[in-house]
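One structure is given below, encoded as structure tokens.
Chain letters run A, B, ... following the sequence lines, proteins first, then strands; residues in each count from 1.
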Amino acid sequence: MKTSLTQTMAMEHIVIIGNGIAGSTLARHVRKLSNKRITMISAEHDNFFSRTALMYVYMGHMRFKDTEPYPKSFWADNDIALVHDKVKCIDVQHQVLSLEKGERLAYDKLVLATGSRPNELKLKGEELLGVQGLYSKQDLEYMKANTMGVEHAVIVGGGLIGVEMAEMLLSRNITVDFIVRDTHFWGSVLPQADAQFVDQHLQKHHGLTLHFSEELEEILGADVGRVKGVRTLHGQKEIQCDFVGVTIGVHPNIAVTFESDIAVNRGILVDEYLATNIPNVYAIGDCTEQKNPLPGRKAIEQVWYTGRMMGETLAQTLCGNPTKYSPGNWFNSAKFFDLEYQTYGSVQAQLQAGEEEFVFQSKNGKVLVHFVYEEQTKALIGVNAFGIRLRHEVFDHWLNQQTPITEVLTNFESAVFDPEFFTQYGAEIISVFNTEKKMNIALTPKKWWQKLIQA
Amino acid sequence: METNYSMTGDAGQYLNYWQKVGLAITGIGLFIIVLFWGNWNAQIEPAWFFLPFMITALAVGTGLYTWGSYKNAPAGIKNNGVYFNPLTNRGSLAWVSGVLLTLFYVSLYWYPSHLGLGLGANGSNLGLVALFDGLSHLFRNKDADQWFVYGTFYTLAILFLGAKFLVKYRHNRYQIIRTLVVMFSQLVFAYFLPFILEALGANDGGYYNLNPVNYYPLNYSFITPDRIDPMVAEVNQPIGMAYLVWGIIGFLILTPVVTYYLGKRWYCSWFCGCGGLAETAGDSFRHLSDKSVAAWKIERWVIHSVMVFVFIMTLAVMYTYFLNQEFALQFVVPSRGVGMLILFGWIVLGLGAFLGLYFKNKGKSRKYLLVGAAVFTFLGILMLVNYSLGKHEAFGIASYKIKEWYGFFIGAIFSGIIGVGFYPLLGNRVWCRFGCPMAGYMGIIQRFKSRFRITTNGGQCISCGNCSTYCEQGIDVRWYAQRGQNIVRASCVGCGICSAVCPRGVLKLENGPEEGRVNDNPILLGNDMPRMNPNVK
């Protein structure tokens, strides 16, 4: 979609700060819907890359350039200008940005997609060399340098990035003490049975020591300004180490809004159209906080998928089709070392009032599926799956239809997304369910030809 | 600026005790091979000791290395350090092994005497070939030749490195079953069955031609007088005729039908010998394939050109064959006229298939089917003109010359040297992706008339790139997955590794109804917003 210079100048100019999944998705979709002028600014890296894949670069599974979903030429081919610079301040009055290298950039519509920042411990010793979080491409570079020649590390924070970091370090033969505040891994999100299942898997990995219900009191330094160990708060134990990973979550990156009138709380406040309080300024992705969170959803949801969906949604609005942010059923996924996790719908750490649950753990110990459904209607509310892949499409449909748990279970095998020839758990699930709930349901039989084609 | 870990060496491979011992023992086995190869002009004794010793060293060495690599961690994807290792990241070891493999192929094809073939007294063997004489006598009661040596190495590589693959992917039953079939197919169909048949008297053909799953057009010489005449010769019955019939069924019926139901994977990553080596010995190099759009463009032109070349070659040699006064096939094909009818019938069949697929399909890439139809039309007219003029060459070039060129450029240089010799530099599927006419033929079926696809699981993709990185065929799997689109590509050999390495459970190889298989403008699942234009994903 090439346009002449005069056309381009007359075209509305959309400036996006941040080229992560939210900003990049927005840019692509605006381009599909219009020929507006688009500029995307990033201080981190000049091409969109998959942040979630940084761990694989450290472990040697991929090169950094393999984490870039589109070649650099893709943006030029689609007339999306990339600026590799940092935004110093936003003048919302004149609709102009000042960049650090001195350039000034006028916008008609401004979109903030600045992502998040790692949380800090705010403890003594956090400034020492060898203490860091893992979020950005720069963090990856630090981590490469900081772990050179390191034999032992401590990780604080039992969440997704913590377990990624543990896997990264173990891949380089660095042993890890993993300090987790909760009584279980990711206890703030996972129900106890699920968290325990993950704990068991983590414990199979040599070189990884888990410390539950524990926090740090202080990070200890050597004379050279480098970390030499930590002291724990409850156990008052000193652990010698040459590296400390701080992975206690992230918060919205709102620094760009300082010295402007853009309203913020913990994140940049947006309405249902992803607009901020300032005309022509929008925000999407990890940096946002919903002024009026959707029912059953949090005001700040910092996952890949919400960033992508906000980008898709705002593109419609910016191209003349005002559209409310309306993510469908919640879904997410992760991998804890070798254990895959998927979730659809809502499974809270604590069972809510009016909810009933059914937790299936396979006899071979490889699979756990946690169903939550309404006590009265038996309608499916959510599912957590570990060690088994589920079809997004089918569960989305079941959640929308408020399908009763019995129907979900009798048709469970049609919702399994494991590769061909994998063990099927449908019959085992039903037999455990029947025993536990004193029911008598049966697996929907497959026709012989269905068996044949589904192997 | 990209840091090249393998050059700076700041994060080299951590080899544990068992890995080191395994590598050392493998090294002893390889040393024996190099010793015999280097002394091609000498008889090293006792061969009866060195051969089993070499094979045992390779088996034990790779076994211990495998054990060392995977014993300490639970089953799962373990690609740690792939891009730090000088063997798998185009480092020093990759170049050394690439050069050695290339030299081996050059010797094999053009200078078998440099392997020791026939250099001894009365044409007996020396050097590396002599090392295998004992084994060859055991299996087929005659001296080894270079092809026996090659076939044995090939089979050992698939078995030993297949075992390594089995341990590496022990959590994945698709990979286990597939690899067991790969190993079985190589050992039984490609290696032992030909020996048994030779012993039964089917003695014309040698290693490749008696492999019952080596179908035309990969086995390009199957439909040439050189093969047909021995197959129909009285001395080779009934096996010869059985092979002729089986081969024609394999090409004309079995291949399209099975590819329709299962995709080309049934052949490329289950039964094919080239695929078998790529999936086992080549597994460590799968990430080296080029994922660029430019490579994809080259791929499409080259692989289909090779395929067309094979068809032209077959038509040309058979045209000349049927013009002979006498031809051995005469008891099946009674006359020259009938022979010509078969050839023209073939052209009409090809033309019809391309046109049929063109009109049945949607999507941009179907326009290439018209190129195929045009080629067949052109060939038909050219052959008709030459026939009516009474010319002895269907396309104006002596058919044996076309065959010679094909054997040299495609058979030897492309499939051998670049295909396998360059594993550590260009990846393990260069031949299968850019050259194989069988893959080209099945690819057209897979793309336009098949139930096979890789399904993308709703909106779960995080664009991490593991799938694209580890696709040996250079398919940018992520391109499709991240927009919720199924992957329907001619080149996919269905190895299943994209699905295995995906950290979020996004990809599944499956066969299902043709309807909805290709979803060009999918809506990424998860977002319930109304859309301005439903065709915009």
Select, from [options], the one with the greatest count of heavy-atom pairs under 4.5 Å involving chain B.
options: Pro419(A), Gly328(A), Ser333(A); value: Ser333(A)
options: Arg308(A), Met310(A), Glu68(A), Lys366(A); value: Arg308(A)
options: Thr306(A), Ile388(A), Leu339(A), Thr323(A); value: Thr323(A)

Can you tell me if [X] uses its side chain to pair, donor with acceptor, with the backbone of [Y] under 3.5 Å?
X: Arg173(B); Y: Phe421(A); answer: yes
X: Lys508(B); Y: Asp418(A); answer: yes
X: Asn527(B); Y: Met309(A); answer: yes

Checklist entry - Pairs in or reaching into residues 325-345 of chain A: which pass salt bridge (charged side-chain N to carboxylate O under 4.0 Å, His left out), with residues at least two apart or in two chains? => result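 Pairs touching residues 325-345 of chain A that pass the test: Asp338(A)-Lys78(B), Glu340(A)-Arg389(A).
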Report which part of [X] has an atom under 4.5 Å of a heavy atom belonging to chain A: side chain, backbone, both, or neither.
X: Leu507(B); answer: backbone
X: Thr88(B); answer: neither
X: Val506(B); answer: backbone
X: Thr469(B); answer: side chain
X: Asn466(B); answer: both
X: Ile177(B); answer: side chain

Checklist entry - Are any of the side-chain nitrogens in Glu510(B) or Arg391(A) under 4.0 Å away from the carboxylate oxygens of its partner? => result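 Salt bridge present between Glu510(B) and Arg391(A).
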Checklist entry - Which residues, numbered in order, of residues 262-270 of chain B come under 4.5 angstrom of chain A by heavy-atom distance? => result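 If one takes a 4.5 Å heavy-atom cut-off, the residues of residues 262-270 of chain B near chain A are Arg265(B), Trp270(B).
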How many angstroms lie between atom [atom1] of [X] and atom [atom2] of [Y], to the nearest 0.5 angstrom?
X: Asn457(B); Y: Gln342(A); atom1: CG; atom2: CD; value: 5.5 Å
X: Cys464(B); Y: Arg51(A); atom1: SG; atom2: CZ; value: 14.5 Å
X: Thr67(A); Y: Arg478(B); atom1: OG1; atom2: CZ; value: 7.0 Å
X: Ser463(B); Y: Trp304(A); atom1: OG; atom2: CH2; value: 4.5 Å
X: Glu420(A); Y: Tyr174(B); atom1: CD; atom2: OH; value: 5.5 Å
X: Phe84(B); Y: Met59(A); atom1: CZ; atom2: CE; value: 9.5 Å

Do the non-hydrogen side-chain atoms of [X] and [Y] ever get within less than 4.5 Å of each other?
X: Trp479(B); Y: Pro69(A); result: no
X: Asn332(A); Y: Arg504(B); result: yes
X: Tyr70(A); Y: Gln482(B); result: yes
X: His287(B); Y: Arg63(A); result: no

[X] atom [atom1], neighbour heavy-atom count above 12 within 6.0 Å:
X: Gln138(A); atom1: CD; value: yes
X: Glu272(A); atom1: CD; value: yes
X: Tyr260(B); atom1: OH; value: yes

For chain A, find which of [options] contributes the most heavy-atom pairs closer than 4.5 angstrom.
options: Ile176(B), Ile77(B), Thr455(B); answer: Thr455(B)
options: Ala500(B), Cys461(B), Gly496(B); answer: Cys461(B)
options: Ala73(B), Ala75(B), Gly459(B); answer: Gly459(B)
options: Gly76(B), Ser468(B), Pro74(B); answer: Pro74(B)
options: Gly458(B), Ser499(B), Gly465(B); answer: Ser499(B)

Next on the checklist: Apply side chain to side chain contact (heavy atoms under 4.5 Å, CB included) to residues His61(A) and Val82(B) and explain how you reach the verdict.
Outcome noted: CA-CA 6 Å; His61(A) 294 205; Val82(B) 163; over 6 Å; no
Checklist entry - Of the backbone (N, CA, C, O) and the side chain (C-beta and beyond), which part of Lys324(A) lies under 4.5 Å from a heavy atom of chain B, both, or neither? => result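 The answer is the backbone of Lys324(A).
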Item to check | Within residues 316-339 of chain A or reaching into it, pairs that qualify as ring pair (Phe, Tyr, Trp, His ring centres under 6.0 Å) - sequence neighbours excluded | outcome: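 Found Phe185(A)-Phe336(A), His205(A)-Phe337(A), Tyr305(A)-Phe331(A), Phe331(A)-His392(A), Phe336(A)-Tyr341(A).
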Checklist entry - Who passes side-chain hydrogen bond (donor to acceptor under 3.5 Å, both in side chains) against Asp396(A), sequence neighbours left out? => result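 Counting only residues at least two positions away or on another chain, Asp396(A) forms a side-chain hydrogen bond (donor to acceptor under 3.5 Å, both in side chains) with Asn329(A).
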